[in-house]
Structures are given as structure tokens and as C-alpha cells.
Amino acid sequence: MPLLVLKFGGTSVGSCEKIIKVAKLIKKYHDKKNKVIVVSSAMTGVTNDLDRKSKSISEKFEKSEYDVLVSAGEQIACSLLAGSLIKLGLKSRSWLSWQIPILTDGKYASSRIKKINTKDVLSFVNKGGIPVITGFQGISIEKRITTLGRGGSDASAIAIAKFFNADSCIIYTDVDGVYTTDPRVNSKAKKIDKISYEEMLEMASLGATVMQPSSIQDAMLNNIKIDIRSTFSKNPGTKITDEISATNKKIITGISYTKNEAKITVVGVRDQPGVASEIFKPLKDINLDMIVQTSSADGGETDITFTIKKEDIKRVINLLKKNKKISYEKIIHDDKVSKVSVVGAGMITQPGVAQKFFKALAKEKINIMVISTSEIKISVIIDQKHINRAVKVLHKEFDLE
Ligand code: ASP
Ligand code: MG
């Protein structure tokens, strides 16, 4: 009998009516002679609400208590779901992560799963039971409750699939898969049937919000088959596999964008060993994205530009100004920028993609501020007011409609 991990996101379990629907869906898998392990996140809005509550006590709410608080939503969803399965005549129970246990290490609010004890859950499954496991949470070696970062129930599902050696992990969400670009920005966006882990990782990191990026990385490293499907429609979803888009003859798989970028340039730093290291040393807790240094023609001075999340801009500028180890002429910043990226494994073998990308933006008179590339993606920073237009022209240019 195949063992499946079924993960349900917040909107899928967003109300009691929806939870009852989800229970019926799970029953179908069970009736078709699958072994099933269910992972659920909190009902939509609950985690946000708990997060707000912590802030109304203190902006610096104690981190260990924060994790106890925000992980509570998963407990509610899992008991409601297990209760619904029992009502349908199935054998089911909820499992909070400390009861299994799901062991984590790392910091509060961004812990990583290290080990999962499979014994009790597996024996329950083997007796025909359907365990419903809380996503997003774990327990540390000090026996404190931890969480895996927002959106972390994807990471739970992937880790559970890995430790239980599942045949496949199905991520149920409110969209029926991954699209060539955001359907809210471009109505011509098309669903992607198959995507490689690498492409999916880039798409998710670059703005597609279907799955938490670090969970995709974990799936890739452990070769876990993932299916993304909608809880509310019967449409086939998107498969993430290690075969390079067999059905997808296109060079580019999709276009992603993010709107919450900010760009900082440190102008006129000395061009000598150790300078970049000193600039970034105080920024080690900041999520840095693109980093570009222009090479100085005369070996004298250079500029370093990097991008960060918009919400970090004040902090970063303060840290730069406080840094007495560096000298520079001035700091320029801009928080009205966006990043647009084209992603596709086909780029590896096909030259000319960058030129096509730049030409499409040039035709629209959209100025490119920063460029960065990897083997399978090209990203640029542009003025945020052009982002929707850029997404549309690129989608067309690369034949995605
Ligand atoms: N409930 C958590 C959150 O809202 C985890 C998840 O949904 O994946 O971030
Ligand atoms: Mg979620």
C-alpha cells in the first residue's frame, strides 16, 4: 500500500464546513487503499491573529513564548479535522508535534526539523488509522515548543514525508498549482503541469507564494515527490519532480516577481581586500538578496549595491552609518523598487535569453537598475511602478500564453 502525506494549508481548513470537505477528501484516499498521514496548518487568519496579540502585549514579546502562542492554531485545526474523520467512521487522532516528537534545532520562530520519531504514528497507520499531525511546530532538545517560520507547515509535510519514507507528498492549497506567473497580475497566466525542483525553488524564492522555499530545497535534497493541488477543484495540479520539464518544451518556465524590495548603494568604498566583509559584517542577520559590486577601472574606488526587504531599510542604513570600519562617499537608497525574474532550466542550453529579456524591457522603456543571474534564472530590479507591465511583456515575449 502506498503511503501518502496529505498537507492542508490554512485556507483549505479555513472553516468547519471546509474541514468537513477536507475530511471527505481524505476518506477517498483511505478508501482507495492508501496509507495516509495528514498534516495541517492553522485555520486561515488564526496565526496572524495570534501574532498580533503578542505585539499588543509587547513589540519584543519573549521569543520562546511567541512560539508557544503562534503554534496554537495548528492544534485547533488538527483536532477539528481528526474529529471530522472520526465522525465519518474512520479511525483517526490528532498528534501535536511534541507528542511524536518532532525534534528541531535552531532559533525560535525559525527552527529546522532534525528528527522525527516514527514509531507510534506508524503503528497507528498500520492499524488503519489516519494520524493528523500539526504542521509548523516542533520541540527542541530543551523541551520547548518551537516553530519553523511562517508558512512552515510545508516544511513539516516534507520532513514527515522524508522520515516516514512516504511515496508522495500532496500539498493541498487554494490554487490548483503553480502558474507561469501570478494570475492576479496577468490573466493569461497558465498552470504548469510539471516543474523541476530547481525551477520551483527559484519561482518560490522569487515571489511565487505557493510553497515555502526552504521546504522545496529539503524535498529536492531528499528526492520527495510533490504534487500541488487545489482542495476545492478536481483539476490536476502541478507536479514537482527531478526530471527537467519533459512536457515543457519552453526555455522559460515562469516569471516571478516581488514587490517588497529595497535597494541600497554604498558609493565610493575603497577597492581593496576586506571591504565587502566589513560592510556586511554587521548585517549578518539581515536577509540580503542581490549583491553587485562594480569593478573599479583604476583600482581606487568602487560602489556596492545590494537589495533587502523593504521593512529592513531603516535598520540597515543605521547599521551602515554606525559602522566605523568602513569609509565611503555616500549611501543611496530606494524602496520603491521591485524584482522581476524569468526562471527556466531550458536556459542552461539555450543562449540569448538575457538579451531577449533586456530587449523586451527596453521596448517598454523600462529601466534596469540591477541585474543578477544564476544558471536557471535572470532577475532584474526595476522601478516598482512598472512591475505589472514588465510581468506582462515578459510573459508574452517568452511564449508563455
Ligand atoms: N500557520 C502557519 C502560518 O500561518 C504555518 C503555515 O500556514 O504553514 O504561517
Ligand atoms: Mg500556509
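These figures come from a predicted structure and were not determined experimentally. Remember, it's 1-based here, ligands and their atoms both numbered in the order they're listed.
For residues 116-131, no pair satisfies salt bridge (charged side-chain N to carboxylate O under 4.0 Å, His left out), with sequence neighbours left out.
Considering both main-chain and side-chain atoms, F136 never comes within under 3.5 Å of ligand 1 through any nitrogen or oxygen pair. Every N/O-N/O distance between K7 and ligand 1 stays at or above 3.5 Å. Residue S153 has at least one N or O atom closer than 3.5 Å to an N or O atom of ligand 1.
Between G135 and ligand 1 there is no heavy-atom distance shorter than 4.0 Å. Residue contact check for ligand 1: G10 places no non-hydrogen atom closer than 4.0 Å to it.
Under the side-chain hydrogen bond (donor to acceptor under 3.5 Å, both in side chains) criterion, D167 pairs with no residue, sequence neighbours left out.
Within ligand 1, the atoms closer than 4.0 Å to a non-hydrogen atom of S41 are 6 (C), 7 (O), 8 (O), numbered from 1 in the order shown. Less than 4.0 angstrom separates some heavy atom of G151 from each of these atoms of ligand 1: 3 (C), 5 (C), 6 (C), 8 (O), 9 (O). Close contacts between ligand 1 and R150 involve ligand atoms 3 (C), 4 (O), 9 (O) [criterion: under 4.0 Å to a heavy atom].
The aromatic rings of F8 and Y172 lie parallel to each other, with less than 30° between the two planes, well short of the 60° mark.
With F232 as the aromatic partner, K18 meets the cation-pi criteria of under 6.0 angstrom to the ring centre and within 45 degrees of the ring axis.
Side-chain atoms of S71 and E74 include no donor-acceptor pair closer than 3.5 Å. A donor-acceptor contact closer than 3.5 angstrom is absent between the side chains of R184 and N388.
Contacts with ligand 1 closer than 4.0 Å are made by no heavy atom of Q212, backbone or side chain.
Using a 4.0 Å cut-off between charged side-chain N and carboxylate O, K191 and D176 make no salt bridge.
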